[in-house]
Every structure is written in C-alpha cells, then in structure tokens.
A.B. asks: 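What follows is a structure written as structure tokens; I'll ask about it next.
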Amino acid sequence: MNDLGLTNNIKNKIMKKLLNYLSVVALLVLTACNGATVITPDKNAVDFTLEGGEENVNITADGSWNISECPEWVTAEVQDSVLTIKTAKNETGAVREGDIILSGKEGVNVKIKVTQAAKCTHITPTSDKVEFEKEGGTQTVNIDTDGLPQVEAPEGFTATYAAGVLTINTPANEEGVKNGEIKLTCEDQSATIAVSQKGNICPKCNGTGKVRCTKCGGKGNIYSEYWLCIYGCSKCGGKGKSDKWGDYNFRNGSGKMTCPACGGSGH
Ligand SMILES: [Zn+2]
Ligand SMILES: [Zn+2]
C-alpha cells in the first residue's frame with residue numbers, strides 16, 4: 001500500500017513534469033510561428049550617467065519578440081511594448097558598454113546599445129570650431145570622453161550628445177552673422193566649441209555697417225579756401241581746425257559713417 005502510494009506519487013510528478021515540458025514546447029512553437037519579422041525600437045542607444053537610473057524604449061513589432069541577451073549589469077523588463085532598462089551606480093571606475101538583443105522570428109535580431117558613464121576624466125572634441133552657411137543644417141563633432149557630458153547651446157543653435165557624437169543644428173539665418181559657444185560639462189570636466197553661422201549681408205556696406213562719410217568723402221577733414229585751413233569733419237568724428245600757424249584742437253575724422261541702409265548692423 002505504502003509502496004503503491006509512493007509509485008503513484010512518482011507517476012504524478014513525472015506527468016506534471018511532462019505536461020510542463022509539453023507546454024513549454026507548445027509555447028516555443030507558438031512563439032516561433034508568431035515571431036516578429038520587424039522589430040523597431042524608438043532608439044538604438046541608451047546612455048546612463050555614473051549614477052544609473054531608468055530609461056524606457058518603445059518597441060514596435062509585427063509579432064512576438066523577447067530579450068535574448070542582456071549585459072549582467074543591466075536589468076531589462078518588458079511591459080506591453082515598452083522595454084524598461086535599469087542600471088545601478090557604476091562602481092567599476094570605467095565606462096560600461098553592452099548590448100541588449102531583442103529577437104523575433106529566427107534571424108531577426110535588433111541591438112540596443114547601453115552605455116554607462118564612469119567618473120569623467122576628460123572631454124575632448126575633435127574640433128573646437130563649427131561654421132554653418134546661411135542656409136543652416138546639421139553638423140556633427142566627435143567627442144572623446146569617458147563621461148556623459150551635459151550640453152548647453154547658445155541661442156539659435158541646438159546641440160545634443162549621444163554615444164560619442166555631438167549633433168549641432170541651426171535653421172536658416174535671415175539676420176546677421178551669428179556667433180556663440182557650445183559648452184560640454186561633465187562633473188569637473190568641460191570643453192567648449194565655437195559655433196558661427198553666416199547671415200544676410202548689407203550690399204551697401206558689405207556687412208561692415210560703415211560707409212564712406214558723405215560730408216568729407218572719406219578724408220576725415222574739409223579744406224576751406226577762404227580761411228586757408230582744414231576743419232576736422234564733424235560728421236565722422238573730427239573736430240577743430242588746423243592752418244599753417246597752428247593746430248586749434250584739430251582732430252581728423254574717421255572718414256567713415258554708419259551705413260544708412262542697415263543702420264550699422266551690417267545686414
Ligand atoms: Zn567725414
Ligand atoms: Zn549697411
């Protein structure tokens with residue numbers, strides 16, 4: 001009786017195991033049948049600071065998929081179509097990089113690169129100057145850094161940093177030349193990149209904002225035949241007079257005056 005009970009117990013256990021096994025096989029077959037042929041995350045790279053944190057990636061797919069690979073320092077969870085990626089503080093002293101692989105149908109794999117900064121020791125842009133044409137557009141600068149820099153862009157420019165690349169954008173410029181500085185900072189490290197954009201140029205003064213003085217013709221002084229002396233041109237900053245007997249507070253004008261077409265702005 002006792003023996004029979006034991007045998008039944010073992011039989012039950014085997015049956016249960018078999019059923020579990022079969023359901024796993026069924027699930028695998030089902031997954032294989034409905035496996036996604038296209039998996040599209042809304043970003044292919046996620047950056048974390050030294051402190052770590054949480055980032056969501058929205059996944060669009062035409063079937064089922066799963067996480068087939070994940071670095072051991074990353075936690076990845078799926079809820080509906082949102083992949084939540086978490087990291088703890090990076091205590092390793094070095095930048096961590098790894099890939100999360102999402103897999104659908106056989107051969108359909110999508111990679112999401114995960115990077116976590118360590119203590120930042122340097123930020124080195126490959127270029128310290130970026131120039132845009134009047135039409136604007138996008139330019140990139142590679143940044144060598146072991147941190148995750150914060151980016152500050154001047155008015156009229158936008159700049160974002162991701163995975164070693166700084167992307168700078170500016171729209172078309174209908175005004176004068178624009179200048180500024182992009183600042184990258186990470187803990188106690190920083191770097192700057194000068195940005196400029198050409199603009200509209202005033203045809204009358206060729207962008208200088210100044211034209212030849214109309215009163216003195218650019219000489220900066222005016223000759224008086226009657227007094228046999230020269231006067232400093234008052235229109236372009238001159239003053240006083242000078243003759244062969246002496247200099248009476250004479251100062252030559254610059255010969256240039258504010259461009260009347262653009263009011264001195266140059267555009
Ligand atoms: Zn003058
Ligand atoms: Zn002008």
Side-chain angles (χ1 to χ4, degrees), residues 123-145 149-186 189-267:
I123 304 173
T124 315
T126 50
S127 170
D128 60 0
K129 196 165 81 175
V130 175
E131 289 168 329
F132 285 91
E133 292 298 321
K134 179 174 171 285
E135 291 71 28
T138 302
Q139 294 197 52
T140 57
V141 176
N142 291 334
I143 312 286
D144 180 19
T145 180
Q150 300 291 302
V151 183
E152 218 179 294
E155 208 187 320
F157 298 90
T158 58
T160 50
Y161 173 84
V165 180
L166 182 73
T167 305
I168 310 164
N169 279 296
T170 184
N173 185 13
E174 295 306 332
E175 297 184 356
V177 173
K178 280 195 300 187
N179 286 299
E181 216 173 51
I182 293 174
K183 284 194 187 99
L184 299 166
T185 49
C186 182
Q189 299 295 312
S190 66
T192 56
I193 297 169
V195 280
S196 63
Q197 183 178 18
K198 292 176 184 167
N200 280 333
I201 285 175
C202 170
K204 192 168 176 75
C205 63
N206 204 17
T208 61
K210 299 267 186 195
V211 291
R212 180 185 295 165
C213 176
T214 51
K215 193 175 176 185
C216 64
K219 287 203 308 286
N221 57 65
I222 293 155
Y223 179 64
S224 165
E225 264 182 63
Y226 184 77
W227 295 107
L228 296 171
C229 72
I230 53 169
Y231 290 95
C233 174
S234 60
K235 189 161 185 157
C236 59
K239 66 171 190 179
K241 65 171 188 172
S242 174
D243 57 26
K244 60 181 174 181
W245 301 283
D247 182 334
Y248 307 92
N249 285 325
F250 175 76
R251 189 177 72 202
N252 213 32
S254 65
K256 286 179 177 172
M257 62 178 215
T258 302
C259 172
C262 65
S265 67
H267 58 85

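Remember, predicted model here, so these are calculated numbers, not experimental data. Counting starts at 1 for both ligands and their atoms, following the listed order.
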A.B. asks: With a 3.5 Å cut-off and no angle check, do the side chains of Lys198 and Asn173 form a donor-acceptor pair?
C.D. replies: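 Lys198 vs Asn173: no donor-acceptor pair found between side chains.
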A.B. asks: Could you grab the angle centred on the Zn ion (ligand 1), going from SG in Cys236 to SG in Cys233, to 10°?
C.D. replies: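 Approximately 100° at the metal, rounded to tens of degrees.
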A.B. asks: For the residue pair Ser242 / Asp247, report whether a side-chain donor-acceptor contact shorter than 3.5 Å exists.
C.D. replies: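 On atom types as modelled, these side chains do not qualify, holding no pair under 3.5 Å.
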A.B. asks: Does one side chain, of Lys178 or Thr170, offer a donor that lies under 3.5 Å from an acceptor on the other?
C.D. replies: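 On atom types as modelled, these side chains qualify, holding a pair under 3.5 Å.
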A.B. asks: Given atoms SG of Cys205 and SG of Cys259, what angle do they subtend at the Zn ion (ligand 2), to the nearest 10 degrees?
C.D. replies: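 About 120°, to the nearest ten degrees.
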A.B. asks: Is the side chain of Gln197 donor-acceptor paired with the backbone N or O of Glu133 at a distance under 3.5 Å, no angle test?
C.D. replies: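 Looks like yes, one N/O pair under 3.5 Å.
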A.B. asks: Which angle, to the nearest 10 degrees, do you find at the Zn ion (ligand 2) between SG in Cys262 and SG in Cys202?
C.D. replies: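 With the Zn ion (ligand 2) as the vertex, SG (Cys262) and SG (Cys202) sit 110° apart.
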A.B. asks: The Zn ion (ligand 1) as vertex, arms to SG of Cys213 and SG of Cys216: angle to 10°?
C.D. replies: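 SG of Cys213, the Zn ion (ligand 1) and SG of Cys216 span an angle of about 100°.
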